[in-house]
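Reckoned from all heavy atoms, side chains included, excluding hydrogens, waters and symmetry mates. Treat the numbers as computed from the prediction; the structure is a model and nothing was measured.
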Amino acid sequence: MKQKDRIQKKMGSEGFESYYSSIYKERWPILKAALLDSVNQSEFNAGGNESYFLDRASVRAVCSLPLDNAKSILDMCAAPGGKSLILATSMEKDASLLCNERSAERRLRLVHNIQNCLPEEVQNRITVIGKDGGLLCLSKENRFDRILLDAPCSSERHVLQDENYLKDWSPSRVKKLSFAQWTLLSSAWRMLNQNGYLLYSTCAMNQDENDCVIERLLKKFDDVQIFSPEIAIDVSSFCSKDLPQGEKTEFGVQILPDICENSGPIYFSLLHKKIFKI
């Protein structure tokens with residue numbers, strides 16, 4: 001049996017160790033130690049009754065989605081809501097934000113954070129729904145100038161820090177998640193207006209859930225442009241810390257905690273829908 005096949009068949013903590021050490025090689029021990037440490041968070045104060053604390057890497061990712069001239073914005077998998085708060089406070093005064101979260105339990109957390117962390121005038125321009133993101137594109141009314149898809153993912157940092165999750169880990173979970181991510185991304189792309197921007201992100205550390213999902217989109221649709229995800233949103237008046245830059249990948253940026261002061265992990269890719277002239 002080939003080494004790659006042996007790695008693919010291992011499960012639990014042993015399988016997790018084999019899988020990620022094969023990806024990151026000599027970097028893995030240092031990276032693993034950073035993952036086991038606490039996340040470097042930023043305080044985000046948007047003028048509500050409470051502040052919200054989130055990973056600096058998450059702030060950096062959302063700030064890559066340009067909001068200029070965007071009137072309709074979708075946060076497709078919005079809970080627990082930290083990224084939604086950034087979009088809501090940064091969008092133009094005449095823009096609206098639709099926050100979707102399929103899980104009823106997570107949606108309650110989302111609503112709580114919107115109500116407690118944002119001023120009322122911003123809350124009034126937000127709508128929260130609980131739909132299957134993969135089916136949202138079936139409604140012709142669901143068309144947006146900007147879309148954030150922070151897709152459900154392997155979340156290796158959480159897996160590594162929880163023995164119950166770690167013992168149930170398997171490579172098949174990565175494949176299952178990458179398929180679900182593709183379903184969400186292809187739905188999101190169909191809802192994006194021409195000349196619109198979509199930010200795809202995960203907190204996964206394997207490329208099957210990151211660049212490989214973007215590569216599949218490029219093969220499926222001929223109107224996809226990859227843009228360099230530079231900082232496009234200024235949150236300096238809301239946020240307490242400088243933002244990490246991360247490492248470039250083929251189609252995006254990855255922020256890993258071993259070299260970014262324990263921010264991340266997060267991957268993000270900025271996509272633009274080209275306008276075809278007739």
Side-chain angles (χ1 to χ4, degrees), residues 42-101 106-107 109-131 133 136-137 139 141-151 184-185 187-201 227-240 243 266 268-273 275:
S42 288
E43 179 182 4
F44 191 83
N45 189 329
N49 296 323
E50 300 175 1
S51 292
Y52 190 91
F53 293 85
L54 68 167
D55 188 340
R56 293 191 313 143
S58 295
V59 181
R60 171 66 182 88
V62 183
C63 288
S64 298
L65 182 62
L67 298 179
D68 293 349
N69 302 314
K71 306 307 177 187
S72 54
I73 304 165
L74 170 65
D75 189 348
M76 198 166 175
C77 302
K83 297 180 180 69
S84 299
L85 300 180
I86 296 173
L87 294 175
T89 53
S90 305
M91 64 185 181
E92 297 181 346
K93 299 298 182 182
D94 58 347
S96 61
L97 173 63
L98 179 65
C99 294
N100 179 62
E101 177 53 53
R106 287 172 57 80
R107 193 161 62 249
R109 293 177 61 197
L110 170 65
V111 171
H112 171 88
N113 288 325
I114 290 172
Q115 291 177 343
N116 287 276
C117 299
L118 291 174
E120 186 175 353
E121 63 269 20
V122 178
Q123 294 181 40
N124 292 337
R125 292 186 286 128
I126 302 173
T127 302
V128 177
I129 61 173
K131 305 292 185 180
L136 279 177
C137 64
S139 172
E141 295 179 356
N142 290 331
R143 298 296 179 264
F144 303 94
D145 298 325
R146 303 290 187 272
I147 298 176
L148 169 64
L149 172 54
D150 185 35
L184 290 168
L185 182 57
S187 175
W189 193 252
R190 290 178 170 90
M191 291 188 286
L192 186 64
N193 290 328
Q194 282 194 341
N195 204 34
Y197 289 91
L198 185 155
L199 187 78
Y200 174 82
S201 69
F227 270 47
S228 177
E230 306 297 335
I231 293 178
I233 298 174
D234 181 9
V235 293
S236 57
S237 59
F238 305 110
C239 203
S240 58
L243 302 179
I266 198 164
F268 52 101
S269 177
L270 181 62
L271 312 170
H272 175 251
K273 182 173 275 191
I275 299 176

Problem set entry | Asn100 side chain vs Lys131 backbone, donor-acceptor pair below 3.5 Å | yes
Exercise. Does atom CD of Glu120 have more than 12 heavy-atom neighbours, drawn from other residues, nucleotides or ligands, at distances under 6.0 Å?
Worked result: no
For this session: Check for a donor-acceptor pair, side chain of Arg106 on one end and backbone N or O of Ala79 on the other, with a separation under 3.5 Å.
Result: yes
Seminar exercise, completed: In this structure, CE of Met91 is separated from CG of Leu67 (nearest 0.5 Å) by 9.0 Å
Exercise. At their closest point, which heavy atom of Ala188 faces which heavy atom of Ile147, and how far apart are they?
Worked result: O-CD1, 3.2 Å
Exercise. Mind checking whether Phe268 and Leu270 have side chains closer than 4.5 Å, heavy atoms only?
Worked result: no
Exercise. Between Ile126 and Ser84, is any pair of side-chain heavy atoms under 4.5 Å apart?
Worked result: no
Problem set entry | Arg125 side-chain N/O to Ala95 backbone N/O, donor-acceptor pair under 3.5 Å | yes
Problem set entry | Backbone N/O of Gly133 and side chain of Ser187: donor-acceptor pair under 3.5 Å | yes
For this session: Return yes when atom CZ of Arg143 has more than 12 non-hydrogen atoms of other residues, nucleotides or ligands closer than 6.0 Å, and no otherwise.
Result: yes
For this session: Keeping the roles fixed (side chain from Gln194, backbone from Ile275), state whether a donor-acceptor pair exists under 3.5 Å.
Result: no
For this session: Answer yes or no: is there a side-chain heavy-atom contact under 4.5 Å between Val235 and Val62?
Result: no
For this session: Show your reasoning for whether side chain to side chain contact (heavy atoms under 4.5 Å, CB included) applies to Leu149 and Cys77.
Result: CA-CA 6 Å; Leu149 172 54; Cys77 302; 3.8 Å; yes
Seminar exercise, completed: Distance col, row Phe144:CZ vs Leu97:CG, nearest 0.5 angstrom, shows 9.5 Å
Exercise. Taking the side chain from Asp145 and the backbone from Lys71, do they hold a donor-acceptor pair closer than 3.5 Å?
Worked result: yes
Exercise. Would a 4.5 Å heavy-atom cut-off, applied to side chains only, mark Leu54 and Leu85 as touching?
Worked result: no
Problem set entry | Side-chain donor/acceptor of Asn113 to backbone N/O of Pro80, under 3.5 Å | yes
Problem set entry | Distance-minimising heavy-atom pair for Cys99 and Ala78 | CB-CB, 3.8 Å
Problem set entry | Nearest non-hydrogen partners of Glu92 and Asn69, listed with the distance | OE2-N, 2.9 Å
Exercise. What class does the angle between the rings of Phe227 and His272 fall in, given that below 30° is parallel, 30 to 60° is tilted and above 60° is perpendicular?
Worked result: tilted
Problem set entry | For the student: nearest non-hydrogen atoms of Pro229 and Arg60, plus distance | O-NH2, 2.7 Å
Exercise. Any sub-3.5 Å donor-acceptor pair from Arg146's side-chain atoms to Leu199's backbone N or O?
Worked result: no
Exercise. Can you check whether Tyr52 and Phe44 have ring centres sitting under 6.0 Å from each other?
Worked result: no
Exercise. Within a strict 4.5 Å, meaning less than it, do heavy atoms of the Leu110 and Val128 side chains meet?
Worked result: yes
Exercise. Would you say Ser58 and Lys83 make side-chain contact, with heavy atoms under 4.5 Å?
Worked result: yes
For this session: First locate atom CG of Asn116, then atom CD of Gln123, and finally report the distance between them rounded to the nearest 0.5 Å.
Result: 8.0 Å
Exercise. So do the side chains of Leu185 and Leu198 get within less than 4.5 Å of each other, counting heavy atoms only?
Worked result: yes
Exercise. Is a side-chain N or O of Ser90 found less than 3.5 angstrom from the main chain of Leu87, in a donor-acceptor match?
Worked result: no
For this session: With the side chain counted from C-beta on, respond yes when Pro66 and Asp68 share a heavy-atom pair under 4.5 Å apart, and no when they do not.
Result: no
Exercise. Any idea which heavy atoms bring Leu118 and Val122 closest together, and the distance?
Worked result: CD1-CG1, 4.1 Å
Exercise. Nearest 0.5 Å, what's the OG-CZ distance between Ser240 and Phe53?
Worked result: 7.5 Å
Seminar exercise, completed: Here the gap from Met76 atom CE to Asp150 atom CG, rounded to the nearest 0.5 Å, amounts to 12.0 Å
Problem set entry | Interatomic spacing from OG in Ser96 to CG in Asn124 - rounded to 0.5 Å | 12.5 Å
